[in-house]
Asks: 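Okay, here's the structure, questions in a sec.
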Amino acid sequence: MIEPYYFEIPIYRCNQDTHTKEMKAKEAEFAVEEYKESAPKSYQNMTNIFHRAIWYPWKYNEAIGWICLYIMGNQIRGDYYFISARRIGKGIRKKRFNYCGKAFEHYLPKNLSSSEIFQEIVKELERLNKNEKPFRNRHIDLKSFKIIGEFVDWKLLVDKLNSFKYPKNN
């Protein structure tokens, strides 16, 4: 049976602030500040080359995995896909993601309201990020999930998208 994933949450090597600091440090190495006054055109050229050839955006280039959420019976579950590299360094170029299994499963009591279901899912993902390998010391980006989560009817979603009831699996 193929579970209907309803949301994919990215896992990053680091958070965006750390990435920004790393890029600024790299830029300072590349475009030496001493040349700013003495050779402004050379300094500007070095800065331009850095931004064209070395700098890379965080959002898609630092992704090292995904947690895919689905519902099975009265549980919220998350499968995860993780990069196959032995070492996870800055700016990984060639990425291959492998299915790694279940990241978590969390039982949902029937009497929870929609907002309580959402809070349970968020708590479980935050717990996963703090306590579990390989997610510890990584950044699970819940920003988009938290934005959309407030507008979802979680009770209806749990009922209709359940793996045992979902029409595409029957």
Side-chain angles (χ1 to χ4, degrees), residues 2-71 76-106 115 118-152 154 157 161:
I2 298 172
E3 287 76 19
Y5 295 142
Y6 65 87
F7 206 88
E8 295 177 346
I9 298 171
I11 306 166
Y12 292 101
R13 178 186 68 82
C14 62
N15 63 27
Q16 192 168 10
D17 292 338
T18 302
H19 173 74
T20 301
K21 288 174 189 168
E22 290 172 355
M23 287 290 111
K24 286 186 184 205
K26 191 86 160 166
E27 182 180 13
E29 283 177 27
F30 195 79
V32 182
E33 192 72 28
E34 297 169 4
Y35 297 127
K36 195 171 189 176
E37 295 293 322
S38 62
K41 285 187 179 181
S42 294
Y43 177 79
Q44 188 60 49
N45 286 340
M46 288 186 285
T47 303
N48 291 342
I49 289 168
F50 172 81
H51 284 281
R52 268 188 260 128
I54 298 169
W55 181 87
Y56 57 92
W58 170 79
K59 188 162 180 89
Y60 299 103
N61 294 293
E62 290 291 347
I64 58 169
W66 304 94
I67 298 173
C68 303
L69 302 178
Y70 66 98
I71 298 161
I76 297 283
R77 291 184 177 187
D79 284 344
Y80 76 102
Y81 295 80
F82 214 71
I83 196 166
S84 63
R86 288 184 184 172
R87 287 184 58 202
I88 298 173
K90 300 173 194 164
I92 301 168
R93 299 229 191 287
K94 294 182 180 179
K95 295 181 185 181
R96 179 187 168 139
F97 293 93
N98 294 328
Y99 174 74
C100 296
K102 195 175 357 169
F104 73 92
E105 61 183 27
H106 185 74
S115 63
F118 175 62
Q119 290 307 316
E120 288 286 316
I121 298 168
V122 170
K123 273 196 289 187
E124 187 62 26
L125 290 166
E126 288 172 345
R127 182 201 62 79
L128 192 68
N129 200 184
K130 289 178 188 161
N131 302 327
E132 302 292 327
K133 269 189 164 182
F135 310 107
R136 190 174 43 224
N137 300 327
R138 303 296 178 203
H139 177 69
I140 296 177
D141 188 16
L142 297 175
K143 185 177 180 182
S144 297
F145 184 67
K146 286 180 177 179
I147 290 170
I148 195 69
E150 295 179 25
F151 301 100
V152 173
W154 290 96
L157 185 111
L161 202 56

Asks: Between R127 and E132, is the side-chain contact (heavy atoms from CB on, under 4.5 Å) condition met? List the steps.
Replies: CA-CA 8 Å; R127 182 201 62 79; E132 302 292 327; 2.9 Å; yes
Asks: With a 3.5 Å distance limit and no angle check, can you tell me whether H19 reaches the backbone of Y56 through a side-chain donor-acceptor pair?
Replies: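 It does hold such a pair.
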Asks: Mind checking whether R13 and R138 have side chains closer than 4.5 Å, heavy atoms only?
Replies: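 Side chain of R13 against side chain of R138, heavy atoms only: contact under 4.5 Å found.
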Asks: Count the heavy atoms of every other residue, nucleotide or ligand shown that sit under 6.0 Å from CZ of F151, and state whether that count exceeds 12.
Replies: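 It does not: F151 CZ has 12 such atoms or fewer within range.
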Asks: Going from NZ on K146 to CD on Q119, what distance comes out if it is rounded to the nearest 0.5 angstrom?
Replies: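 Between K146 NZ and Q119 CD, I get 8.5 Å after rounding to 0.5 Å.
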Asks: Do Y6 and V152 come close enough that some side-chain heavy atom pair is under 4.5 Å?
Replies: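 No - every pair of side-chain heavy atoms lies 4.5 Å or more apart.
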Asks: Could you grab the distance from atom CG of L125 to atom NE2 of H106, nearest 0.5 Å is fine?
Replies: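 Answer rounded to 0.5 Å: 10.0 Å.
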Asks: Are the side chains of F82 and I64 in contact, using a 4.5 Å heavy-atom criterion?
Replies: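 Yes. Closest side-chain heavy atoms under 4.5 Å.
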Asks: Check the orientation of Y81 and Y5. Use parallel for under 30°, tilted for 30 to 60°, and perpendicular for over 60°.
Replies: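 The rings of Y81 and Y5 stand perpendicular, inter-plane angle above 60°.
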Asks: Would you call the rings of W55 and H51 parallel, tilted or perpendicular if under 30° counts as parallel and over 60° as perpendicular?
Replies: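 If you compare the ring of W55 with that of H51, the planes turn out tilted.
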Asks: Has R77 got a side-chain atom pairing as donor or acceptor with E105's backbone, closer than 3.5 angstrom?
Replies: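 No, because the side chain of R77 does not come within donor-acceptor range (under 3.5 Å) of the backbone of E105.
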Asks: Below 6.0 angstrom between ring centroids: does that apply to F118 and F145?
Replies: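 F118 vs F145: aromatic centres under 6.0 Å.
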Asks: Is a side-chain donor or acceptor of N129 paired with a backbone partner of F135 at a separation under 3.5 angstrom?
Replies: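 Yes.
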Asks: Find out whether F104 and L69 are in side-chain contact, i.e. whether some heavy atom of one side chain is under 4.5 Å from a heavy atom of the other.
Replies: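 Touching, per the 4.5 Å side-chain cut-off.
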Asks: Mind checking the CG-NZ spacing from N45 to K41? Nearest 0.5 Å is all I need.
Replies: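 Interatomic distance, N45 CG to K41 NZ, rounded to 0.5 Å: 9.0 Å.
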Asks: Look up atom CD1 in I67 and atom CD1 in I140, then write down how far apart they are to the nearest 0.5 Å.
Replies: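 Between I67 CD1 and I140 CD1, I get 4.0 Å after rounding to 0.5 Å.
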Asks: I want to check something: taking the side chain as every heavy atom from C-beta on, are C14 and H139 in contact at a cut-off of under 4.5 Å?
Replies: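 A side-chain contact under 4.5 Å is absent here.
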Asks: Between the main-chain N or O of G149 and the side-chain N or O of W154, is there a donor-acceptor pair closer than 3.5 Å?
Replies: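 Confirmed, W154 side chain pairs with G149 backbone.
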Asks: Roughly how far apart are K102 NZ and C68 SG, rounded to 0.5 Å?
Replies: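 Here the rounded value is 14.5 Å.
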Asks: Nearest 0.5 Å, please: how far is CG in D141 from OH in Y12?
Replies: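 If we round to the nearest 0.5 Å, Y12:OH and D141:CG are 5.0 Å apart.
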Asks: In terms of side-chain geometry, is the basic nitrogen of K24 or E27 positioned less than 4.0 Å from the acidic oxygen of its partner?
Replies: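 So K24 does not pair with E27 through a salt bridge.
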Asks: Could you check whether E126 pairs with K123 (Lys NZ or Arg NE/NH1/NH2 to Asp/Glu carboxylate O, under 4.0 Å)?
Replies: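 A salt bridge is absent here (no side-chain N lies under 4.0 Å from a carboxylate O).
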Asks: Provide the closest heavy-atom pair for F97 versus G65 in the form atom of the first, atom of the second, distance.
Replies: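 Reported closest heavy-atom pair: CE2-N, 3.5 Å.
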Asks: What are the two closest non-hydrogen atoms of A103 and L128, and how far apart are they?
Replies: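 Between these two residues, the closest heavy atoms are O-CD1, 3.5 Å.
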